[in-house]
2 protein chains.
Amino acid sequence: MAQILQGDLVAREVLDSVSQRVSRLSDTNGVDACLAVVLVGHDPASEIYVRRKQKAARSVGIRSLEYRLDEETSQQGLLDLVHKLNADPAVHGILVQLPLPSHIAGDVILGAIAPQKDVDGFHPVNVGRLSTGAGGGLVPCTPLGCVMLLERVIDDFRGLKAVVIGKSNIVGKPAALLLLDRECTVTVTHIHTRGLPDIARSADIIIAAAGSPRLVRGDWVKPGAVVIDVGINRIALEDGTSAIVGDVALDECDHAAVITPVPKGVGPMTIACLLKNTVHAAEAMARAREPAVQ
Amino acid sequence: MAQILQGDLVAREVLDSVSQRVSRLSDTNGVDACLAVVLVGHDPASEIYVRRKQKAARSVGIRSLEYRLDEETSQQGLLDLVHKLNADPAVHGILVQLPLPSHIAGDVILGAIAPQKDVDGFHPVNVGRLSTGAGGGLVPCTPLGCVMLLERVIDDFRGLKAVVIGKSNIVGKPAALLLLDRECTVTVTHIHTRGLPDIARSADIIIAAAGSPRLVRGDWVKPGAVVIDVGINRIALEDGTSAIVGDVALDECDHAAVITPVPKGVGPMTIACLLKNTVHAAEAMARAREPAVQ
């Protein structure tokens with residue numbers, strides 16, 4: 001039987017550690033870590049995500065500010081808010097919930113967030129630091145969560161074959177770069193990839209982030225592989241209800257060494273990593289304000 | 001017989017086009033495209049590269065400024081020069097020749113160059129834009145040259161399997177990102193990769209950038225593959241002389257569809273792309289200064 005790697009339990013540990021760091025920062029530096037969440041419009045899925053993030057923030061003692069803007073808000077209006085939050089020393093993390101309405105250019109907004117407050121890790125400077133392995137940047141939450149899960153079960157990544165399914169900027173590409181940095185041989189696949197089952201079958205590590213329900217079947221997975229399922233897909237059931245399934249047919253993967261479930265796999269890690277990034281940003285800002293010790 | 005893709009001939013065409021753009025910019029906007037080249041110390045290979053770049057710049061009408069700093073120059077001294085060049089509106093491209101002496105942090109210097117003048121494409125903002133496929137950034141010269149060569153012989157990259165050998169920030173990683181952007185399935189391999197010959201043999205496109213003489217043997221190459229050889233290695237010959245060879249054993253690759261030679265392959269393309277980036281930067285700066293047409 002494959003080991004089921006419970007992301008929710010690992011996330012709990014991450015949150016405990018974040019909570020301790022938040023307390024220490026408050027006690028030692030008098031700084032209250034603070035995350036500003038910006039939501040434009042009323043996308044129902046975004047509403048749910050934002051609520052979850054805020055609840056988790058409160059649970060670890062991070063102050064959470066909510067900014068709700070009308071669906072018709074102009075790009076400049078949103079930019080003005082971002083600039084205000086950039087300039088506010090009490091704000092350590094800024095999260096603009098995606099997707100944005102179509103009249104707002106997402107890359108302009110993401111590029112306007114101060115890199116040191118960009119807790120989603122989407123600013124070009126943070127993406128660039130991740131790509132070059134320079135370090136010192138904020139890393140996107142979902143791929144960071146994936147790699148933290150992998151680190152629970154893999155000691156030495158060197159030379160392992162990793163196959164990333166999906167090449168999004170939010171998951172696939174940064175996950176590939178993080179694995180490359182750990183000396184894996186990395187293949188990035190996507191909708192145009194030919195012979196994906198064979199490619200997946202060659203992998204020691206599969207990160208499935210295609211957004212396609214049960215895409216990865218049991219016979220795509222090599223015995224002993226470690227499988228991280230990033231997909232969160234709602235499917236209709238025959239009885240008229242619906243269910244959440246991942247990108248991997250977990251029930252067919254008994255021969256994997258380790259596999260993450262959906263739900264309670266990568267999802268909780270994403271939120272935990274957002275708060276980890278927030279306290280990290282708050283600590284870095286507190287350090288930058290301290291006088292250097294002689 | 002494999003088609004030998006003469007990079008020097010393609011580079012000539014690129015340079016001709018750059019030359020025309022330089023003239024047009026001068027005639028229309030009164031702007032003389034200008035590249036500032038900074039060399040710290042006296043590394044003999046760097047001296048050769050810098051001389052070649054300057055000669056090529058002159059050949060297309062790009063003004064070339066040379067700044068030579070002593071090996072003992074401080075990091076701050078170099079930073080001061082970079083800031084001066086950033087602020088100089090007559091300078092459109094800034095190239096700090098690598099490697100830098102060990103007492104200077106390369107990432108600090110590269111991160112200090114104004115992104116819009118970063119004609120090497122190494123600034124985190126440009127790396128980030130390349131990674132996300134956002135566009136609008138300057139792309140590192142060697143991988144850009146590789147892809148321009150590939151575009152001479154491949155119409156549709158979608159779904160082709162590309163194997164990149166080497167994961168440097170200068171060639172391997174940006175080349176992989178450019179190919180991913182063109183919808184290839186991309187595998188990045190490196191010194192820790194196991195079973196590299198088999199992986200290479202699966203590729204429709206090989207980019208060899210390992211810096212290892214004749215690493216890629218004939219039986220690593222699938223019949224009909226396109227092979228781009230980035231390696232420039234000097235090896236000792238039995239008669240006491242030396243020769244320049246690539247990372248690919250070209251003489252064993254008759255069964256490839258297309259292969260680039262070394263020398264006269266990727267090398268000339270790298271320099272041509274540097275000057276392409278320079279005129280691109282100059283054009284963008286001239287546009288930014290023009291009053292918007294109502």
Side-chain angles (χ1 to χ4, degrees), chain A residues 105-108 110-111 115 118 121-137 140 156-170 172-174 176-177 179-196 198-200 202-204, chain B residues 105-108 110-111 115 118 121-137 140 156-170 172-174 176-177 179-196 198-200 202-204:
Chain A
D107 58 335
V108 172
L110 298 180
D118 167 41
F122 295 156
H123 188 286
V125 161
N126 285 320
V127 176
R129 284 190 187 137
L130 173 63
S131 179
T132 60
D156 187 0
F157 288 78
R158 241 180 320 172
L160 295 183
K161 282 180 91 168
V163 170
V164 178
I165 305 176
K167 67 176 178 82
S168 75
N169 289 327
I170 296 176
K173 278 191 263 184
L177 289 164
L179 291 170
L180 208 49
D181 213 33
R182 280 157 184 76
E183 313 290 359
C184 289
T185 299
V186 180
T187 299
V188 183
T189 68
H190 45 79
I191 195 88
H192 296 296
T193 294
R194 298 168 198 158
L196 181 53
D198 282 334
I199 295 172
S202 75
D204 302 303
Chain B
D107 58 336
V108 172
L110 298 180
D118 168 41
F122 295 156
H123 189 286
V125 161
N126 285 318
V127 176
R129 285 189 185 137
L130 173 62
S131 179
T132 61
D156 187 0
F157 288 78
R158 241 180 318 171
L160 295 183
K161 281 179 91 167
V163 170
V164 178
I165 304 176
K167 65 176 179 83
S168 75
N169 289 326
I170 296 176
K173 277 191 264 185
L177 289 164
L179 291 169
L180 208 50
D181 213 33
R182 281 159 182 76
E183 313 290 358
C184 290
T185 299
V186 181
T187 299
V188 183
T189 67
H190 45 80
I191 196 90
H192 296 294
T193 294
R194 298 168 198 157
L196 181 51
D198 281 334
I199 295 173
S202 75
D204 302 303

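Values below: all heavy atoms of this structure, side chains included; hydrogens, waters and symmetry mates excluded. Chain letters run A, B, ... following the sequence lines, proteins first, then strands; residues in each count from 1.
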Between [options], the one whose heavy-atom pairs under 4.5 Å with chain B are most numerous:
options: A/Ile191, A/Leu180, A/Leu130; answer: A/Leu180
options: A/Thr185, A/Val127, A/Thr189; answer: A/Thr185
options: A/Glu183, A/Arg129, A/Lys161, A/Lys173; answer: A/Glu183
options: A/Pro174, A/Ser131, A/Pro115; answer: A/Ser131

Checklist line | Separation of A/Leu179 CG from A/Thr187 OG1 (nearest 0.5 Å) | finding: 11.0 Å
Give a yes or no answer on whether the side chain of [X] reaches the backbone of [Y] with a donor-acceptor pair at less than 3.5 Å.
X: B/His123; Y: B/Leu110; answer: no
X: B/Asn126; Y: B/Gly137; answer: no
X: A/Asp204; Y: A/Leu160; answer: no
X: B/Thr132; Y: B/Gly128; answer: yes

Check: Which answer fits B/Ile199, side chain, backbone, both or neither, if we ask what part of it has an atom under 4.5 Å from a heavy atom of chain A?
Finding: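 Side chain of B/Ile199 only, per the 4.5 Å heavy-atom cut-off to chain A.
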Next item on the list: Select one option (side chain, backbone, both, neither) describing which atoms of B/Leu177 are under 4.5 Å from chain A's heavy atoms.
Entry: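 Just its side chain gets close to chain A.
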Notebook entry, point to check: Do any of residues 162-169 of chain A come closer than 4.5 Å to chain B, heavy atom to heavy atom, and if so which ones, in number order?
Noted result: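 Near chain B, by residue number: A/Lys167, A/Asn169.
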Check: Counting heavy-atom pairs under 4.5 Å to chain A, which of B/Ser202, B/Cys184, B/Gly136, B/Ala176 comes out on top?
Finding: B/Cys184
Note to self: Which one wins on heavy-atom pair count under 4.5 Å against chain A: B/Gly159, B/Ala134, B/Gly133, B/Gly111?
What the structure shows: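 It is B/Gly159.
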Notebook entry, point to check: Can you name the nearest heavy-atom pair linking A/Arg194 to B/Arg158, along with the distance?
Noted result: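 So the two residues come closest at NH2-O, 2.8 Å.
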